[in-house]
Amino acid sequence: MEKGEKYLVKVRLREPNAASSRVVAYEVPYQKDMRIIDALNWLTGEGESIAYRWFCSSKKCGSCAMRVNGVPKLTCWEKLEKDTLIEPLDNFEVTRDLVVEREAYQARYLTFKPYVERNHTPAWPEPLKHTEMLSTYKLMDCIECGICTSGCPAYSGAGGPFPGPWALVQAAKFANDPRDELDRSSEMELSGADYCMSCHRCEELCPMEIPIVSEAIEPMRALAARGPKGTANFPVLFADNVRQNAFVKSSSLFLRSRGLAGIFKNLGMLVRMFTHKKTNLSVQSSATARNQVQAIFSAAEK
Amino acid sequence: MAIITHETEVLVIGGSAGGMYAALNAHAMGAKVLLISKALLGRGGCSATFGYIGGTHSKEKQIPQVIDLTDNKSFHDKIKYYGHYLADQEFAEKAWSYNETFYHRMEEMGLYIRRTDDGDVVTSGGFGYGPISAKLGTSGKGIMDIFRSQIFRRQIPYLEESSGVTLIRSGERVTGAIVFDYMKGTLHEIHAKSVILACGHVNWLWDRGTATREQAGNGLAMAFHAGAELAGIEQVWWHIADVANPKAWMRSHMYPNPIPMTSEVVEFYNSDGEMFFHGNMFRAAQPSYYLQCKALTRQIKAGKARPDGGYYASFGKIDPYNIREYSTVGRYMEKLGLDPKSDMIECAMTSHQQRGGVAIDHGMATRVEGLFISGSLAADFITGIITVAWEAETAARSAVNHARKVTLFKNGSAIREVERRFSKLLEAAPRNPIGPSAVKEQLRQLMGREMNYFKSGESIERAIEGLREIRNTMLPRMQISSKNLVSNYELLDAVDISDMLDVAELICIASRNRTESRGAFYRSDYPFVDNKNWLKNIHLSGNVSDPTIRLKDVNLKYVRPADERADFLTTEY
């Protein structure tokens, strides 16, 4: 690629509240090692009106994520391709052109108490080993660019049931911190963390290479299962049930997951389960099957 | 335009270190606080991009080093290398003493200051220079995350992506501010008993700058127009260690400090492959930004480097494990397909921070009642997160004390003036229109051309003339293409450009008046340090085009320079 060679940059523009958007094509002279955001900066430097959010342009502020040729990317970090379509991030409301609304998202994750809560004032230097901080240390890299949530198939908007990986990373960053002394299980059991499908798309997209599922989502689901209401422990009970029985023993799952009040309230359903032959108390799996399933669980836990 | 009116005790304008820490302190003192951030909270400005924690830490004792005035050594070094003998020495003494409080306070709030697997604090260099959070290169981001988390925790009200437009003046007092929420397109009329400005010391007024997009000199301009004095704004630090390409990464710094856990530093090579600078050349001076500039100047004069490239940073002598584990410098190289061990990365000169700023007393008060400064927007001539934290705490205390003494005064005239100004900008329909962002770009090109590190009397005059031309010929042509106010960056740019022009012109005027070179400030027509005449700061006030100029002697209570006059390019400050 020659310096000054023309690159085709197409940008999706949309006035606030407009019913439709339009794609405008520009020619941008190539500069050495050009990033995607350099093209937008060149265009606005020429006086073009394109609204887009960016601050540091060096992979620290997380504000310049956009959808580039169909994939959410950090535009300060990824190089400009010869033919590039730049659009706003999916899964967020667009306010204008390439700018998405972040406030509703942030308001939701604030309910997860994203801060360290201590009961005592530590001395300096506080006894602390790097090995104890490893999980939080990885999550500290999160720049809240929103790319993970933008690419998440389980996320359905700020009002949907799943808070999205971004919010769970922020929650886990503080929950996993050995210095934090707050019981966060009640916030987590109401968080909707269980809607994650463990597809790992967030990890594939994360520009900071954060192990989102293993360090944030799974620990937060485990925390949710310990919540005082007991409403988020179903996946744990389900897994236990399969591990013990080598199949889903629905009667036992029903009894264990609902609590005494729930059992009485849903007695009708239990009766129907039996009358419709959806469950059977006497069915047992073979010892071989149970061993095999337990081996799978053991391997997965490693 | 929709207008939302607020009443508060302490209004803090600035959403990074200086602003958030001031807000936290004022809130802890029981005041009602409102915080304004032009970027996303904690994600803009210099604070989010700085790289290490600063201060010094005893490696053996694992405690912060106390600055020792009695043997004069560490204090003198800092005054010489950081303050170029322009800092008020009693002020510096107070601010630097925060070294002993800072680490403890930050970890209490949840910052993780990097430990080894054995639990020792990770620092670099033999004397424990610069602890880090996460990695060298991202400590600022980590500190901002923690301040942000504490703002959330204490539920301090804040407005993000909202820019201070003007301070409200009532007689001789500042009684609030008008703030533009450019994301929602609303104006906020905020009446406050005390106002703290914390807009930082980095402004994107040059084509190459470490400043981020929102840094448009708003803090300096608002304070100046409210009647405060600006001091030493000609003192602009330049970097040589920022990435040349891609352009976006001109804010990415190849830190001259030793890589943590080593005493090894980056080396700089000229276009002939000769090493001409490394950070250990001046042990007491780390980070030696302006000494790098002098070294590079000699290379440029010899034709072996250019201000915009042709010289390179090398990490070849540093253990790759330590680069990967403790620093972010490698990631930029790797992303470009370079190997930090064997390849070098091209760098270019970049404007950085203003050492001066708004003139303050030791309580961070300006000469205007009700107006206080937090962080590096102050004319402190020293820098670093520890200084900023002391300044923030001090400003908060002064602002809260002031707020307890006065009654709220609600002056409704400022909002009407801002409304008129915004309407005029939105309705302008010039014949030969130009986008506001292009005007910004013209200003940066002009400043980069005429007011770069190598400026002279002649180039300063050309810059002043060029700025006035932009003001006279380009501003009337400015047009905002969309009348819808939501996420209207064009309107924000059009508002910013006035402040940028004012601040740029004031920088030129101060530079014209300083007839010597020193520390961060180089004039090629006065290439000597003149301690006989210039242990003084230039204070500006009044009107931009014809400001009142006052020279103020520096408080040299503890140490003085040894020489009366020195050759700038070879002396160490």
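Model, not experiment: these values are computed from the prediction. Below, read A as the first sequence line, B as the second, and so on, with proteins coming before strands; counting in each chain starts at 1.
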Between [X] and [Y], is any pair of side-chain heavy atoms under 4.5 Å apart?
| X | Y | answer |
| --- | --- | --- |
| B/K335 | A/K59 | no |
| A/F55 | B/L40 | yes |
| A/S63 | B/R43 | no |
| A/Q31 | B/N245 | no |
| B/S149 | A/F174 | yes |
| B/Y489 | A/V99 | yes |

Are [X] and [Y] close enough for a salt bridge, meaning some N to O gap below 4.0 Å?
| X | Y | answer |
| --- | --- | --- |
| A/E117 | B/R153 | yes |
| B/K247 | A/D33 | no |
| A/E144 | B/R148 | yes |

Side chain, backbone, both or neither: which part of [X] has an atom under 4.5 Å from a heavy atom of chain A?
| X | result |
| --- | --- |
| B/R444 | neither |
| B/L111 | backbone |
| B/Q479 | neither |
| B/F147 | neither |
| B/I113 | side chain |
| B/D493 | neither |

Who wins among [options] for the most heavy-atom pairs under 4.5 Å with chain A?
| options | result |
| --- | --- |
| B/A244, B/G119, B/G142 | B/G119 |
| B/E161, B/M250, B/Q442 | B/E161 |
| B/S437, B/G137, B/G44 | B/S437 |
| B/V122, B/I434, B/N488, B/I146 | B/N488 |
| B/Q445, B/M183, B/M109 | B/M183 |
| B/S133, B/G185, B/A134, B/S481 | B/A134 |

When rounded to the nearest 0.5 angstrom, what is the spacing between [atom1] in [X] and [atom2] in [Y]?
| X | Y | atom1 | atom2 | result |
| --- | --- | --- | --- | --- |
| A/M140 | B/Y112 | CE | OH | 8.0 Å |
| B/S482 | A/D97 | OG | CG | 8.5 Å |
| A/S49 | B/I480 | OG | CD1 | 9.5 Å |
| A/E46 | B/E441 | CD | CD | 8.0 Å |
| A/K60 | B/T138 | NZ | OG1 | 7.0 Å |

Given heavy-atom pairs under 4.5 angstrom as the criterion, report whether the side chain, backbone, both or neither of [X] touches chain B.
| X | answer |
| --- | --- |
| A/K173 | side chain |
| A/E15 | side chain |
| A/W42 | neither |
| A/Q106 | side chain |
| A/K113 | neither |
| A/L134 | neither |
| A/M34 | backbone |
| A/R53 | both |
| A/L128 | both |
| A/Q170 | neither |

Practice prompt. Determine, for A/Y137 and B/R115, whether the Lys NZ or Arg CZ falls below 6.0 Å from the six-membered ring centre while staying within 45 degrees of the axis.
Written response: no
Worksheet item: Aromatic rings A/W124 and B/Y103: how do their planes relate, parallel, tilted or perpendicular, breaks at 30° and 60°?
Response: parallel
Discussion item. Angle between ring planes, B/F152 versus A/Y109, binned at 30° and 60°: parallel, tilted or perpendicular?
Written reply: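 Rings of B/F152 and A/Y109: perpendicular, as their planes differ by over 60°.
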Fill in: Stepwise salt bridge (Lys or Arg N to Asp or Glu O under 4.0 Å) test for A/E103 and B/K184
CA-CA 11 Å; A/E103 211 172 80; B/K184 298 199 181 72; 3.0 Å; yes
Can you check whether [Y]'s main-chain N or O pairs, donor with acceptor, with [X]'s side chain at less than 3.5 Å?
| X | Y | result |
| --- | --- | --- |
| A/K129 | B/D120 | no |
| B/D117 | A/H130 | no |
| A/R179 | B/G110 | yes |
| B/H104 | A/P122 | yes |
| B/T212 | A/C56 | no |
| B/R251 | A/S58 | no |
| A/K79 | B/L336 | no |
| A/R96 | B/N484 | yes |

Practice prompt. Decide if atom CD of A/E93 counts as having more than 12 heavy atoms of other residues, nucleotides or ligands within a radius under 6.0 Å.
Written response: no
